[in-house]
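Structure in structure tokens, see below.
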There are 2 protein chains.
Amino acid sequence: MTKREENKDEGLSRRALLTRSAGVAGLAGVGAAGGMAITGVTMPGEAHAATGDSVVGPGELDEYYGFWSSGQAGEVRILGVPSMRELMRIPVFNRCSATGWGQTNESRKILTEGLLPETREYLKDKGGVWTNGDAHHPHMSFTDGTYDGRYLFINDKANTRVARIRCDVMKCDKIIEVPNTADIHGMRPQKFPRTGYVFANGEHRVPIPNDGSILDEPEKYEAIFTAIDGDAMEVAWQVMVDGNLDNCDADYQGLYAFSTCYNSEEGVTLAEMTANEQDWVVVFDIKAIEAAVASGDFQTIGGVPVVDGHHGSKYTRYIPISTSPHGCNTAPDGNYVVIAGKLSPTVSVIDVRKLPDLFSDNIQPRDVIVAEPQLGLGPLHTAFDGEGNCFTTLFLDSQVVKWNLEKAVASFQGEDVDPILDKVDVHYQPGHNHTSMGETKEADGKWLVSLNKFSKDRFINVGPLKPENEQLIDITSDNMEVVHDGPTFAEPHDCIIVRGDIVNPAKTWTRGDPWFADAEAQAEADGVALIGGNEVIRDGNKVRVYMWSVAPNFSMSKFTVNQGDEVTLYVTNMDIVDDLTHGLTLGNYGIAMEVGPQQTSSVTFKADRPGVHWYYCQWFCHALHMEMRGRMLVEPA
Amino acid sequence: MTKREENKDEGLSRRALLTRSAGVAGLAGVGAAGGMAITGVTMPGEAHAATGDSVVGPGELDEYYGFWSSGQAGEVRILGVPSMRELMRIPVFNRCSATGWGQTNESRKILTEGLLPETREYLKDKGGVWTNGDAHHPHMSFTDGTYDGRYLFINDKANTRVARIRCDVMKCDKIIEVPNTADIHGMRPQKFPRTGYVFANGEHRVPIPNDGSILDEPEKYEAIFTAIDGDAMEVAWQVMVDGNLDNCDADYQGLYAFSTCYNSEEGVTLAEMTANEQDWVVVFDIKAIEAAVASGDFQTIGGVPVVDGHHGSKYTRYIPISTSPHGCNTAPDGNYVVIAGKLSPTVSVIDVRKLPDLFSDNIQPRDVIVAEPQLGLGPLHTAFDGEGNCFTTLFLDSQVVKWNLEKAVASFQGEDVDPILDKVDVHYQPGHNHTSMGETKEADGKWLVSLNKFSKDRFINVGPLKPENEQLIDITSDNMEVVHDGPTFAEPHDCIIVRGDIVNPAKTWTRGDPWFADAEAQAEADGVALIGGNEVIRDGNKVRVYMWSVAPNFSMSKFTVNQGDEVTLYVTNMDIVDDLTHGLTLGNYGIAMEVGPQQTSSVTFKADRPGVHWYYCQWFCHALHMEMRGRMLVEPA
């Protein structure tokens with residue numbers, strides 16, 4: 001039995017096995033003879049393994065969770081893989097009309113408590129929260145080199161933040177703004193022994209402090225690499241480096257982190273940025289930096305320890321790479337880091353086993369490069385199958401190239417061997433890609449997703465703004481096969497694909513969850529039970545309204561306040577049934593919030609519109625859902 | 001050749017035809033023998049027509065545009081049908097982090113110019129625009145009983161608005177707030193002779209004016225039916241009626257509109273609202289109302305003519321229907337309107353040919369009911385195949401029932417015929433449904449979408465908040481077949497399915513588009529050409545920055561302003577290439593906007609953070625996309 005056959009037995013449904021037994025071999029040949037592409041048609045038992053769509057028929061379950069960033073849309077998306085169906089949006093850096101993210105007291109606390117004081121001041125007369133973000137790189141927390149199902153982390157390039165999502169309830173629970181830097185880009189969690197650190201690159205060089213005292217003096221700008229404590233969601237330490245930081249990754253040994261640099265010139269125009277023939281990868285010696293922080297070899301800037309990692313520092317090494325390296329991906333075998341060339345047709349392979357010698361100055365920086373195969377035009381990112389093979393996106397060629405690591409090493413050593421195994425066209429201009437479990441030691445070589453930046457003619461035209469295209473590729477056989485075109489709104493910047501058994505979300509909220517601890521505390525102070533409490537508490541011109549919901553009723557069919565009162569609505573969903581989410585929309589007050597089963601949600605607003613205002617449940621819950629409503633009566637001042 | 005075969009020849013790709021020729025008949029039997037559901041597997045040429053996913057393979061195009069509301073998410077979505085892939089989000093009532101909807105000058109004008117003065121006043125210290133909406137019913141403009149590809153209209157229940165989307169650029173271009181009412185729900189365009197009017201139901205009864213002078217006196221609340229001029233996007237006239245308005249539709253003759261009423265009791269609690277055994281459908285005589293407006297038989301309230309349509313009015317008729325009728329759908333034959341019972345297991349069929357006699361008082365209201373078949377529990381909405389068959393969602397039974405109109409009429413007349421043809425389980429609790437072209441005279445009977453309010457166990461668990469489930473059903477044969485489960489974020493409230501040839505969006509923007517007319521005018525006043533203009537104009541403490549973009553460059557690599565300046569950025573994308581959208585994100589200023597090919601976008605903000613702030617392109621455009629950036633230098637005050 002070939003490897004392909006084994007994979008199919010694991011991955012296909014019993015239905016597919018049954019139909020396979022009917023023996024329809026030869027169909028693929030019919031399609032090919034007619035000159036048609038045959039991808040996308042289920043050919044049970046035939047030459048390609050299984051199209052994502054067809055394997056997962058109505059009522060069948062996906063094998064993997066896909067966690068997708070949304071780029072400038074600011075959210076995180078959960079997809080099912082291989083069906084490539086979007087299962088959920090998690091608002092993070094955006095505003096969400098449906099859930100009230102950015103408006104409920106619970107979300108506003110998360111969105112504001114990690115901001116720097118100067119940002120809080122700036123936002124004071126602008127609604128208090130950022131309304132946009134640019135979410136690039138979603139990654140799960142690791143334990144011992146593989147995903148542990150606790151958290152997702154994601155960066156915001158637009159407003160210099162890192163967020164964390166709880167995987168039990170699939171909600172963002174912490175967001176911090178990173179000081180001393182601008183525009184967080186590359187971000188990856190520590191893989192070993194656990195996360196631990198979340199490494200984050202400040203992309204754009206800025207003055208420190210960036211208060212206007214330094215303006216058009218680029219030579220005084222700095223770049224900062226940050227290690228965030230992923231448990232406390234606080235900055236642990238920072239390292240000041242040369243160049244512009246791009247992508248990063250961590251090793252499987254817990255010793256080093258890596259960042260690509262695409263502007264070693266430290267220029268501020270395109271011509272300046274691309275002048276040099278070489279840029280570099282910066283390697284960070286984590287243990288040495290921790291020792292520096294412990295021993296006091298740092299400056300405190302913006303309240304955090306900042307270690308000097310410029311050229312010549314003992315905490316870093318700069319490995320020259322052809323101009324503008326971009327992707328930075330550690331292979332599952334733990335030995336290699338693959339650096340994609342972007343403007344060079346090569347990828348450069350670092351052997352992490354040589355890094356101790358580099359930091360001891362026993363070897364030169366370029367000595368850690370053990371392979372540098374030429375793959376094609378515009379290599380951007382690399383994914384892995386766990387069997388020694390790599391899949392690198394070629395932006396300019398609009399292809400994915402499959403190549404073998406050990407063959408590339410042998411070739412670099414002078415052996416006459418071609419590391420390139422296969423190429424497949426993708427549509428069009430791929431950026432990030434990702435394989436199932438591919439950034440862990442459990443990479444399983446089943447699926448590859450190519451996140452393409454242009455869809456052009458692949459879908460019916462929807463106007464000047466087109467979707468991007470995330471394509472699913474079957475990598476279980478020697479030849480990669482595109483089996484699904486997935487249009488997506490801006491922008492599927494990056495993704496991870498996690499085995500289903502690792503992710504175990506809750507079915508309902510649990511009473512006592514920290515998400516609504518503030519509501520619990522206020523209710524206790526007011527002598528009201530959130531479960532079953534149905535009261536209006538007046539406290540000067542502050543009014544707190546406690547109600548509960550059980551489909552199709554709010555416990556309160558009306559309440560009365562005075563114009564100008566500051567009103568806080570607490571709604572506790574007492575339904576215990578799976579999927580029985582309620583909501584509360586307050587008409588013509590611009591207020592809407594999600595209230596999941598067993599959740600408490602709250603919102604505070606000024607009742608400055610007099611009259612009759614209906615609140616209603618906006619999450620369909622019952623045959624009498626439309627009747628689930630009540631009135632806020634606002635007495636005119 | 002049966003009808004099924006004919007449909008397949010039209011709808012399937014050449015590939016499917018080719019593979020069909022291989023003769024794999026019998027596979028379905030294999031699946032069935034094994035006790036497995038066989039839906040979702042492509043069985044070319046076999047018993048069910050075609051699964052949506054599989055027919056539309058990689059690189060193949062969908063046959064239909066699907067336009068979806070998103071409920072409380074506030075946007076409109078474009079899907080491809082039958083692939084059910086989401087192709088685009090159109091921000092309407094929400095804020096959009098990616099496109100800058102709610103933040104750009106162009107979008108803020110659309111979001112604010114149609115607001116009532118009191119709402120504009122209310123929003124003054126709240127950012128000026130609503131940030132949420134509850135988008136229910138997307139419908140295209142009609143000419144002569146079928147879609148004409150000009151506009152989409154959609155209601156906002158949360159903040160009492162109706163929006164219009166231009167189908168050439170797929171952007172919202174007008175939003176109006178409807179006066180004298182609260183919480184627009186049912187909404188449908190005039191079908192004949194053209195749109196013309198957009199009919200909109202104010203759902204919740206409120207006092208007029210709703211200024212606090214009347215509060216807890218529900219007997220003084222009013223309900224308002226509104227006809228909006230869809231060309232001017234202004235209220236043409238309103239009708240004051242009894243009861244609560246729910247859904248509505250228009251006829252194919254241009255004579256009548258219809259609204260269901262679910263609270264004829266005019267109660268304010270659940271018990272009061274469901275006390276009566278009968279509610280009603282209100283029929284509006286459009287010509288008579290137009291004559292009333294022309295002759296002065298109206299009051300002017302809130303600046304618009306309001307006609308009295310209470311019981312006894314000559315402009316309306318009230319047709320008694322079992323309690324809480326909900327769906328209201330005109331059949332493509334032009335003769336019948338189907339009213340779904342919700343709390344009654346029946347649907348009631350109105351024969352529009354009898355309405356002149358009703359308005360002449362020659363017959364009684366119930367005489368217009370020509371069928372009332374009992375279908376199952378919780379009938380909510382009805383779709384049509386154009387061959388006399390209806391598809392009604394049964395919320396409580398979690399089914400769709402297929403039934404025949406003429407058989408229902410015959411049965412009502414005493415004939416011994418069963419109008420019910422088929423039932424299929426859906427998963428779970430369906431609300432709206434829609435067939436391909438089903439609300440037009442060109443209903444083609446190919447696809448039915450059932451928008452289900454709960455997905456429960458149909459997908460891998462993503463936490464307490466689950467997706468909804470929109471299922472695609474093949475209706476080309478006698479037995480309906482579910483062929484696709486489509487998870488969606490809140491909330492696929494309603495949709496339409498439009499034949500591809502009707503919709504012809506532009507590939508890029510056209511210079512001179514009214515979207516950026518204000519920018520053109522300001523540039524002209526400043527003596528700057530938007531195409532090629534690269535200038536900073538200072539006008540007191542107002543600064544206007546004109547730049548253009550051609551991948552991978554902004555024309556300006558830096559500009560300098562003073563802290564406190566009011567800065568307007570105009571960016572014109574000079575790229576002409578399809579799909580070459582740029583964006584501008586201004587880091588740590590909370591600003592991001594989309595700039596499509598040949599589009600001008602602008603944003604105005606106060607430069608109150610001193611220092612170096614990078615702007616960058618957030619819409620991936622080129623291998624050197626990351627280098628496409630510049631600096632705003634803000635001199636401290």
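We name chains A, B, ... by the order of the sequence lines, and we start the count at 1 in each one.
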Taking the basic N atoms (NZ, or NE/NH1/NH2) and the acidic carboxylate oxygens, is any pair closer than 4.0 Å for B/Glu86 and A/Arg85?
no
For B/Ser455, give me all partners under side-chain hydrogen bond (donor to acceptor under 3.5 Å, both in side chains), at least two apart in sequence or on another chain.
none
Contact origin within A/Gln599 toward chain B - heavy atom pairs under 4.5 Å
neither
Salt-bridge contact B/Lys558-A/Asp216 (side-chain N to carboxylate O under 4.0 Å):
yes
Closest heavy-atom pair and its distance - A/Leu465, B/Thr581
CD1-OG1, 3.6 Å
Can you say whether A/His493 sits under 4.5 Å from chain B via the side chain, the backbone, both, or neither, judging by heavy atoms?
neither
A side-chain contact here means heavy atoms from C-beta on lying under 4.5 Å apart; do B/Leu343 and A/Leu624 qualify?
yes
At their closest point, which heavy atom of B/Ala98 faces which heavy atom of A/Phe489, and how far apart are they?
CB-CE2, 4.1 Å
Considering only heavy atoms, which portion of A/Met626 lies under 4.5 Å from any heavy atom of chain B: side chain, backbone, both, or neither?
both
Taking the ring centre of each residue, are A/Phe620 and B/Phe454 less than 6.0 Å apart?
no
In terms of heavy-atom pairs under 4.5 Å, which option from A/Tyr122, A/Tyr262, A/Trp619 contacts chain B the most?
A/Tyr122
Verify whether one side chain among B/Arg609 and A/Thr119 offers a donor that lies under 3.5 Å from an acceptor in the other.
yes
Applying salt bridge (charged side-chain N to carboxylate O under 4.0 Å, His left out) to B/Asp608 and A/Lys126, what does each step give before you reach the verdict?
CA-CA 12 Å; B/Asp608 42 11; A/Lys126 298 172 184 71; 3.1 Å; yes
Pick one of side chain, backbone, both or neither for A/Leu87, based on which atoms fall under 4.5 Å of a heavy atom in chain B.
both
Exercise: identify the closest heavy-atom pair between A/Val268 and B/Arg631:
CG2-NH2, 3.4 Å
Here the pair of heavy atoms bringing A/Asp168 nearest to B/Pro464 is O-CD, 4.3 Å
With heavy-atom distances below 4.5 Å as the criterion, would you say the side chains of A/Tyr589 and B/Asn159 are in contact?
no
With only heavy atoms counted, which part of A/Thr160 is less than 4.5 Å from chain B, the side chain, the backbone, both or neither?
both
Counting only N and O atoms by type, is there a donor-acceptor contact under 3.5 Å from the side chain of A/Asn210 to the main-chain atoms of B/Gly611?
no
Non-hydrogen atoms of chain B under 4.5 Å away: do they reach the side chain of A/Ile460, the backbone, both or neither?
both
Would you check if the side chain of A/Lys466 reaches a backbone N or O of B/Leu580 as a donor-acceptor pair within less than 3.5 Å?
no
CG of B/Asn132 to CZ of A/Arg95: how many Å apart, nearest 0.5 Å?
8.5 Å
So what's closer than 4.5 Å to chain B heavy atoms on A/Glu203: side chain, backbone, both or neither?
side chain
Salt-bridge criterion met for B/Glu75 and A/Arg89 (N-O under 4.0 Å):
yes
Contact check, side chains of A/Asn461 and B/Lys507, non-hydrogen atoms, under 4.5 Å
yes
Lys/Arg-Asp/Glu bridge criterion (N-O < 4.0 Å) met for B/Asp183, A/Arg629
no
State, to 0.1 Å, how close B/Gly59 and A/Asp485 come at their nearest heavy-atom pair, and which atoms those are.
N-OD2, 3.5 Å
Non-hydrogen atoms of chain B under 4.5 Å away: do they reach the side chain of A/Glu468, the backbone, both or neither?
side chain
Any idea which heavy atoms bring A/Ile214 and B/Val612 closest together, and the distance?
O-CG2, 3.8 Å
Between A/His185 and chain B, which part of the residue has a heavy atom less than 4.5 Å away: side chain, backbone, both or neither?
side chain
Which answer fits A/Glu594, side chain, backbone, both or neither, if we ask what part of it has an atom under 4.5 Å from a heavy atom of chain B?
side chain
Side-chain donor or acceptor of A/Gln72 paired with backbone N/O of B/Gln618 under 3.5 Å:
yes
Check for a donor-acceptor pair, side chain of A/Ser97 on one end and backbone N or O of B/Gly133 on the other, with a separation under 3.5 Å.
yes
By a 4.5 Å heavy-atom criterion (distance strictly below it), what part of A/Asp457 contacts chain B: side chain, backbone, both, or neither?
backbone
Side chains of A/Glu627 and B/Ser324: closer than 4.5 Å at any heavy-atom pair?
yes
A/His204-B/Tyr616 aromatic ring centre distance below 6.0 Å
yes
